[in-house]
Amino acid sequence: MGKLASGLYNRLVITIPYAWLLLFFLAPFFIVFRISLSTTAIAMPPYEPVFSLADGWAGLWSKIGELSLDNYTYLTEDSLYINAYISSVVIAGISTFLTLLIAYPIAYGMAQAPRTIRPTLVMLVILPFWTSFLIRVYSWIAILKPEGLLNQLLQSLHIIDSPLIILNTNTAVYIGIVYSYLPFMVLPLYSALEKMDGTLIEAAQDLGCTPIRAFWRVTFPLSIPGVVAGCMLVFIPAVGEFVIPDLLGGSQTLMIGKTLWNEFNANRDWPVSSAVATILLMILVIPIVFFQNAQAKAEERGK
(Lines give C-alpha, C1' and ligand atoms only; values in the text may rest on other atoms or scores of the structure.)
Protein backbone atom coordinates (compact mmCIF):
# COMPACT_ATOMS: atom_id res chain seq x y z
CA MET A 1 0.00 0.00 0.00
CA GLY A 2 2.87 2.32 0.81
CA LYS A 3 4.42 1.85 -2.63
CA LEU A 4 1.03 2.32 -4.30
CA ALA A 5 0.39 5.53 -2.39
CA SER A 6 3.88 6.76 -3.21
CA GLY A 7 3.33 6.01 -6.92
CA LEU A 8 0.02 7.85 -6.94
CA TYR A 9 1.60 10.79 -5.15
CA ASN A 10 4.43 10.97 -7.68
CA ARG A 11 1.99 10.86 -10.60
CA LEU A 12 -0.10 13.58 -8.97
CA VAL A 13 2.94 15.81 -8.46
CA ILE A 14 3.82 15.43 -12.16
CA THR A 15 0.25 15.74 -13.43
CA ILE A 16 -0.63 19.00 -11.66
CA PRO A 17 2.07 21.16 -13.36
CA TYR A 18 1.23 19.70 -16.77
CA ALA A 19 -2.47 20.32 -16.19
CA TRP A 20 -1.63 23.88 -15.18
CA LEU A 21 0.37 24.41 -18.40
CA LEU A 22 -2.40 22.84 -20.46
CA LEU A 23 -4.99 25.18 -18.99
CA PHE A 24 -3.07 28.45 -18.90
CA PHE A 25 -0.69 28.05 -21.85
CA LEU A 26 -2.07 25.73 -24.51
CA ALA A 27 -5.66 26.94 -24.17
CA PRO A 28 -4.80 30.67 -24.63
CA PHE A 29 -2.37 29.76 -27.42
CA PHE A 30 -5.11 27.84 -29.23
CA ILE A 31 -7.44 30.85 -28.92
CA VAL A 32 -4.79 33.21 -30.34
CA PHE A 33 -3.94 30.77 -33.13
CA ARG A 34 -7.62 30.45 -34.02
CA ILE A 35 -7.94 34.24 -34.25
CA SER A 36 -4.83 34.36 -36.48
CA LEU A 37 -6.70 32.21 -39.02
CA SER A 38 -9.69 34.55 -39.02
CA THR A 39 -10.44 37.65 -41.06
CA THR A 40 -10.82 41.24 -39.89
CA ALA A 41 -14.36 42.54 -39.41
CA ILE A 42 -16.01 45.72 -38.17
CA ALA A 43 -17.61 44.14 -35.16
CA MET A 44 -16.98 43.29 -31.54
CA PRO A 45 -14.70 41.42 -31.33
CA PRO A 46 -13.12 42.82 -34.53
CA TYR A 47 -12.69 39.55 -36.41
CA GLU A 48 -14.83 36.94 -38.11
CA PRO A 49 -14.10 33.46 -36.71
CA VAL A 50 -13.30 30.83 -39.29
CA PHE A 51 -14.65 28.13 -37.00
CA SER A 52 -16.18 27.90 -33.57
CA LEU A 53 -16.15 25.15 -31.00
CA ALA A 54 -19.89 25.61 -30.73
CA ASP A 55 -20.21 24.05 -34.20
CA GLY A 56 -19.15 20.69 -32.81
CA TRP A 57 -16.70 18.26 -34.32
CA ALA A 58 -18.70 17.93 -37.54
CA GLY A 59 -18.77 21.67 -38.17
CA LEU A 60 -15.11 21.99 -37.18
CA TRP A 61 -14.05 19.27 -39.60
CA SER A 62 -16.09 20.76 -42.45
CA LYS A 63 -14.36 24.13 -42.12
CA ILE A 64 -10.80 22.90 -41.90
CA GLY A 65 -10.47 23.30 -45.66
CA GLU A 66 -11.49 26.97 -45.34
CA LEU A 67 -8.60 27.84 -43.04
CA SER A 68 -6.38 30.56 -44.48
CA LEU A 69 -2.79 31.52 -43.78
CA ASP A 70 -3.22 34.94 -45.41
CA ASN A 71 -2.33 36.77 -42.20
CA TYR A 72 0.98 34.92 -41.96
CA THR A 73 1.67 35.61 -45.64
CA TYR A 74 0.97 39.29 -45.02
CA LEU A 75 3.64 39.41 -42.30
CA THR A 76 6.28 38.19 -44.75
CA GLU A 77 5.29 40.84 -47.29
CA ASP A 78 5.47 43.82 -44.90
CA SER A 79 9.00 44.84 -43.92
CA LEU A 80 7.70 46.44 -40.71
CA TYR A 81 7.12 43.10 -39.04
CA ILE A 82 10.33 41.52 -40.33
CA ASN A 83 12.36 44.51 -39.10
CA ALA A 84 10.53 44.42 -35.77
CA TYR A 85 11.40 40.75 -35.25
CA ILE A 86 15.03 41.31 -36.22
CA SER A 87 15.33 44.45 -34.08
CA SER A 88 13.79 42.68 -31.08
CA VAL A 89 16.19 39.74 -31.34
CA VAL A 90 19.20 42.07 -31.76
CA ILE A 91 18.23 44.32 -28.83
CA ALA A 92 17.45 41.31 -26.63
CA GLY A 93 20.74 39.64 -27.61
CA ILE A 94 22.85 42.73 -26.88
CA SER A 95 21.00 43.34 -23.62
CA THR A 96 21.53 39.72 -22.57
CA PHE A 97 25.26 39.97 -23.31
CA LEU A 98 25.58 43.22 -21.32
CA THR A 99 23.61 41.71 -18.46
CA LEU A 100 25.94 38.71 -18.41
CA LEU A 101 29.02 40.96 -18.31
CA ILE A 102 27.64 42.83 -15.31
CA ALA A 103 26.05 39.87 -13.50
CA TYR A 104 29.00 37.47 -13.64
CA PRO A 105 31.35 39.52 -11.41
CA ILE A 106 28.47 40.13 -9.00
CA ALA A 107 27.59 36.44 -8.79
CA TYR A 108 31.27 35.46 -8.51
CA GLY A 109 31.78 37.91 -5.68
CA MET A 110 28.70 36.59 -3.90
CA ALA A 111 29.91 33.00 -4.25
CA GLN A 112 33.33 33.93 -2.84
CA ALA A 113 31.90 35.93 0.07
CA PRO A 114 31.75 34.43 3.58
CA ARG A 115 28.81 32.08 4.01
CA THR A 116 27.39 34.17 6.83
CA ILE A 117 26.66 37.15 4.56
CA ARG A 118 25.60 35.29 1.42
CA PRO A 119 21.87 35.28 2.34
CA THR A 120 22.07 39.05 2.83
CA LEU A 121 23.70 39.49 -0.58
CA VAL A 122 21.00 37.36 -2.23
CA MET A 123 18.33 39.48 -0.52
CA LEU A 124 19.96 42.64 -1.86
CA VAL A 125 19.86 41.20 -5.39
CA ILE A 126 16.13 40.47 -5.21
CA LEU A 127 15.35 43.68 -3.28
CA PRO A 128 14.26 45.61 -6.44
CA PHE A 129 11.41 43.11 -6.85
CA TRP A 130 9.84 44.61 -3.74
CA THR A 131 9.02 47.68 -5.83
CA SER A 132 6.61 47.82 -8.74
CA PHE A 133 8.20 47.16 -12.13
CA LEU A 134 6.50 50.23 -13.62
CA ILE A 135 7.77 52.50 -10.85
CA ARG A 136 11.33 51.26 -11.40
CA VAL A 137 11.11 51.92 -15.15
CA TYR A 138 9.55 55.34 -14.62
CA SER A 139 12.41 56.22 -12.26
CA TRP A 140 14.84 55.80 -15.16
CA ILE A 141 12.95 58.52 -17.03
CA ALA A 142 13.78 60.93 -14.20
CA ILE A 143 17.41 59.81 -14.34
CA LEU A 144 17.99 59.78 -18.11
CA LYS A 145 15.96 62.75 -19.38
CA PRO A 146 17.95 65.84 -20.53
CA GLU A 147 17.28 67.69 -17.27
CA GLY A 148 17.47 64.49 -15.24
CA LEU A 149 19.73 63.42 -12.40
CA LEU A 150 22.44 61.91 -14.60
CA ASN A 151 22.93 65.01 -16.75
CA GLN A 152 22.81 67.25 -13.70
CA LEU A 153 25.54 65.19 -12.06
CA LEU A 154 27.76 65.13 -15.15
CA GLN A 155 27.33 68.87 -15.70
CA SER A 156 28.05 69.68 -12.05
CA LEU A 157 31.30 67.70 -12.36
CA HIS A 158 32.10 69.60 -15.59
CA ILE A 159 32.33 66.33 -17.53
CA ILE A 160 29.86 67.53 -20.18
CA ASP A 161 28.81 70.99 -21.31
CA SER A 162 25.40 70.14 -22.74
CA PRO A 163 22.92 67.43 -21.69
CA LEU A 164 23.32 63.98 -23.19
CA ILE A 165 20.38 62.68 -25.22
CA ILE A 166 19.87 59.21 -23.77
CA LEU A 167 16.12 58.99 -23.22
CA ASN A 168 14.08 57.83 -26.24
CA THR A 169 17.05 55.98 -27.73
CA ASN A 170 18.11 52.33 -27.90
CA THR A 171 20.73 53.09 -25.25
CA ALA A 172 17.96 53.83 -22.76
CA VAL A 173 16.28 50.55 -23.72
CA TYR A 174 19.52 48.64 -23.06
CA ILE A 175 19.87 50.34 -19.68
CA GLY A 176 16.26 49.55 -18.74
CA ILE A 177 16.44 45.89 -19.78
CA VAL A 178 19.82 45.28 -18.09
CA TYR A 179 18.64 46.90 -14.87
CA SER A 180 15.26 45.16 -14.82
CA TYR A 181 16.50 41.65 -15.66
CA LEU A 182 19.84 41.69 -13.83
CA PRO A 183 18.56 39.56 -10.91
CA PHE A 184 17.40 36.87 -13.36
CA MET A 185 21.01 36.58 -14.53
CA VAL A 186 22.71 36.88 -11.14
CA LEU A 187 20.74 34.19 -9.32
CA PRO A 188 21.38 31.25 -11.73
CA LEU A 189 25.04 32.24 -11.96
CA TYR A 190 25.34 32.43 -8.20
CA SER A 191 23.65 29.04 -7.83
CA ALA A 192 26.18 27.46 -10.22
CA LEU A 193 29.24 29.19 -8.77
CA GLU A 194 28.25 28.62 -5.16
CA LYS A 195 28.18 24.84 -5.69
CA MET A 196 31.64 24.75 -7.25
CA ASP A 197 34.36 22.87 -5.37
CA GLY A 198 37.07 25.38 -4.43
CA THR A 199 39.73 22.69 -4.27
CA LEU A 200 39.58 22.45 -8.07
CA ILE A 201 41.02 25.97 -8.34
CA GLU A 202 43.72 25.12 -5.85
CA ALA A 203 44.61 22.00 -7.82
CA ALA A 204 44.78 23.98 -11.07
CA GLN A 205 47.08 26.57 -9.51
CA ASP A 206 49.28 23.80 -8.03
CA LEU A 207 49.64 22.45 -11.57
CA GLY A 208 50.93 25.79 -12.79
CA CYS A 209 47.80 27.72 -13.83
CA THR A 210 47.73 31.43 -13.19
CA PRO A 211 44.57 32.73 -11.45
CA ILE A 212 43.21 34.06 -14.76
CA ARG A 213 43.93 30.82 -16.61
CA ALA A 214 42.44 28.78 -13.77
CA PHE A 215 39.30 30.87 -14.04
CA TRP A 216 38.90 30.22 -17.77
CA ARG A 217 39.90 26.55 -17.55
CA VAL A 218 37.97 25.58 -14.41
CA THR A 219 35.54 28.17 -13.02
CA PHE A 220 33.90 29.38 -16.21
CA PRO A 221 33.30 25.90 -17.75
CA LEU A 222 31.69 24.73 -14.50
CA SER A 223 29.42 27.80 -14.48
CA ILE A 224 28.16 27.32 -18.05
CA PRO A 225 24.81 25.78 -16.92
CA GLY A 226 24.19 28.95 -14.89
CA VAL A 227 25.25 31.12 -17.83
CA VAL A 228 22.84 29.33 -20.17
CA ALA A 229 19.98 29.46 -17.66
CA GLY A 230 20.54 33.15 -16.96
CA CYS A 231 20.78 34.04 -20.64
CA MET A 232 17.52 32.24 -21.38
CA LEU A 233 15.75 33.93 -18.44
CA VAL A 234 16.81 37.34 -19.78
CA PHE A 235 16.66 36.84 -23.53
CA ILE A 236 13.22 35.23 -23.76
CA PRO A 237 11.20 37.98 -21.97
CA ALA A 238 13.40 40.73 -23.44
CA VAL A 239 12.43 39.77 -27.01
CA GLY A 240 8.76 40.45 -26.31
CA GLU A 241 9.33 43.39 -23.95
CA PHE A 242 6.81 46.22 -24.32
CA VAL A 243 6.94 48.48 -21.27
CA ILE A 244 10.65 49.35 -21.39
CA PRO A 245 10.79 50.18 -25.15
CA ASP A 246 7.57 52.16 -24.88
CA LEU A 247 8.63 54.28 -21.89
CA LEU A 248 12.38 54.59 -22.46
CA GLY A 249 12.76 54.00 -26.19
CA GLY A 250 10.11 56.29 -27.55
CA SER A 251 8.57 56.14 -31.00
CA GLN A 252 11.86 55.43 -32.79
CA THR A 253 12.49 52.10 -31.05
CA LEU A 254 11.14 49.22 -33.10
CA MET A 255 10.39 46.06 -31.14
CA ILE A 256 7.81 43.38 -31.74
CA GLY A 257 6.12 43.98 -28.38
CA LYS A 258 5.27 47.56 -29.35
CA THR A 259 4.20 46.45 -32.82
CA LEU A 260 1.93 43.83 -31.30
CA TRP A 261 0.38 46.38 -28.95
CA ASN A 262 -0.27 48.84 -31.79
CA GLU A 263 -1.92 46.19 -33.95
CA PHE A 264 -4.21 45.06 -31.15
CA ASN A 265 -5.21 48.46 -29.79
CA ALA A 266 -4.56 51.15 -32.41
CA ASN A 267 -5.25 49.28 -35.65
CA ARG A 268 -7.75 46.85 -34.11
CA ASP A 269 -6.42 44.14 -36.44
CA TRP A 270 -6.72 41.14 -34.15
CA PRO A 271 -6.06 38.44 -36.78
CA VAL A 272 -2.74 39.97 -37.85
CA SER A 273 -1.85 40.66 -34.22
CA SER A 274 -2.51 37.04 -33.34
CA ALA A 275 -0.32 35.91 -36.22
CA VAL A 276 2.46 38.18 -34.92
CA ALA A 277 2.10 36.68 -31.44
CA THR A 278 2.10 33.12 -32.79
CA ILE A 279 5.31 33.65 -34.77
CA LEU A 280 6.90 35.34 -31.76
CA LEU A 281 6.15 32.26 -29.69
CA MET A 282 7.68 30.05 -32.36
CA ILE A 283 10.83 32.19 -32.31
CA LEU A 284 11.09 31.86 -28.53
CA VAL A 285 10.73 28.08 -28.71
CA ILE A 286 14.18 27.91 -30.34
CA PRO A 287 16.18 29.14 -27.30
CA ILE A 288 13.98 27.06 -25.00
CA VAL A 289 14.86 23.89 -26.96
CA PHE A 290 18.52 24.95 -26.91
CA PHE A 291 18.35 25.38 -23.14
CA GLN A 292 16.77 21.97 -22.65
CA ASN A 293 19.42 20.31 -24.81
CA ALA A 294 22.17 22.08 -22.88
CA GLN A 295 20.65 20.95 -19.59
CA ALA A 296 20.40 17.36 -20.82
CA LYS A 297 24.04 17.36 -21.94
CA ALA A 298 25.11 18.84 -18.59
CA GLU A 299 23.26 16.08 -16.74
CA GLU A 300 24.92 13.44 -18.92
CA ARG A 301 28.36 14.90 -18.20
CA GLY A 302 27.51 14.89 -14.49
CA LYS A 303 26.71 11.19 -14.62
Side-chain angles (χ1 to χ4, degrees), residues 32 36 71-106 133-134 136-137 140-141 143-145 150 164-186 188-189 220 224 226-267 272-294:
V32 171
S36 71
N71 294 319
Y72 294 92
T73 304
Y74 174 74
L75 297 183
T76 63
E77 297 172 350
D78 194 332
S79 60
L80 170 66
Y81 303 102
I82 298 175
N83 293 335
Y85 282 120
I86 295 174
S87 177
S88 297
V89 172
V90 171
I91 291 176
I94 295 175
S95 300
T96 302
F97 178 71
L98 295 175
T99 306
L100 177 61
L101 291 181
I102 297 172
Y104 203 102
I106 297 174
F133 174 74
L134 279 175
R136 287 186 281 129
V137 175
W140 277 105
I141 297 178
I143 295 173
L144 299 177
K145 62 184 180 180
L150 177 61
L164 298 175
I165 305 300
I166 302 177
L167 192 63
N168 296 330
T169 65
N170 285 350
T171 301
V173 176
Y174 294 138
I175 293 173
I177 293 178
V178 170
Y179 165 76
S180 300
Y181 293 104
L182 185 63
F184 293 104
M185 184 70 78
V186 171
L189 287 172
F220 186 77
I224 286 180
V227 171
V228 175
C231 289
M232 293 301 101
L233 289 175
V234 174
F235 178 80
I236 291 173
V239 171
E241 181 61 54
F242 162 72
V243 175
I244 294 174
D246 187 59
L247 296 180
L248 301 182
S251 60
Q252 300 302 317
T253 301
L254 183 62
M255 290 190 72
I256 199 63
K258 290 181 60 178
T259 304
L260 187 61
W261 171 267
N262 290 331
E263 288 294 339
F264 261 114
N265 294 274
N267 298 339
V272 171
S273 305
S274 299
V276 172
T278 302
I279 293 179
L280 176 61
L281 181 61
M282 295 298 102
I283 292 175
L284 296 181
V285 165
I286 297 174
I288 293 175
V289 172
F290 171 77
F291 172 69
Q292 290 179 338
N293 291 336

Separation between OG1 (Thr278) and CD1 (Ile283), nearest 0.5 Å, reads 11.0 Å
| task | Begin with the C-alpha distance, continue with both residues' side-chain angles, and end with the deciding distance and a verdict on side-chain contact (heavy atoms from CB on, under 4.5 Å) for Thr99 and Phe184. | result | CA-CA 9 Å; Thr99 306; Phe184 293 104; over 6 Å; no
Do Ile166 and Ile143 have side chains that get closer than 4.5 Å, going by heavy atoms? no
Rounded to the nearest 0.5 angstrom, the CD-NZ distance for Glu263 and Lys258 is 13.5 Å
Ring pair (Phe, Tyr, Trp, His ring centres under 6.0 Å) filter on Tyr174, not counting sequence neighbours, yields none
| query | Counting distance only, does the side-chain N/O of Tyr179 pair as donor-acceptor with the main-chain N or O of Val137 below 3.5 Å? | reply | no
Heavy-atom closest pair (Pro188 atom, Pro183 atom, distance to 0.1 Å) is CD-O, 4.3 Å
**Item:** Atom CZ of Phe133 with >12 non-hydrogen neighbours under 6.0 angstrom
**Value:** yes
Practice problem: Return yes if a side-chain donor-acceptor contact under 3.5 Å exists between Tyr81 and Thr259, otherwise no. | Solution: no
Distance col, row Met255:CE vs Leu260:CG, nearest 0.5 angstrom, shows 12.0 Å
Under 3.5 Å, which donor-acceptor pairs do the side chains of residues 87-96 form with other protein atoms, sequence neighbours left out?
from: Ser87; atom 1: OG; to: Leu254; atom 2: O; distance (Å): 2.6
from: Ser88; atom 1: OG; to: Ala84; atom 2: O; distance (Å): 2.8
from: Ser88; atom 1: OG; to: Ile256; atom 2: N; distance (Å): 2.6
from: Ser95; atom 1: OG; to: Ile91; atom 2: O; distance (Å): 2.7
from: Thr96; atom 1: OG1; to: Ala92; atom 2: O; distance (Å): 2.7

Closest non-hydrogen atoms of Leu167 and Ala172, given as atom of the first, atom of the second and distance, are CA-CB, 4.1 Å
dist Met185:CE -> Ile106:CD1 (nearest 0.5 Å) comes out at 11.0 Å
Please set out all donor-acceptor pairs under 3.5 angstrom arising from side-chain atoms of residues 235-248, sequence neighbours excluded.
from: Glu241; atom 1: OE1; to: Tyr181; atom 2: OH; distance (Å): 2.4
from: Glu241; atom 1: OE2; to: Val243; atom 2: N; distance (Å): 3.1
from: Glu241; atom 1: OE2; to: Ile244; atom 2: N; distance (Å): 3.3

The reported gap from CD1 in Ile279 to CG in Leu75 (rounded to nearest 0.5 angstrom) is 4.5 Å
Rounded to the nearest 0.5 Å, the CG atom of Leu189 sits from the SG atom of Cys231 at a distance of 7.5 Å
| field | Backbone N/O of Ser79 and side chain of Asn83: donor-acceptor pair under 3.5 Å | value | yes
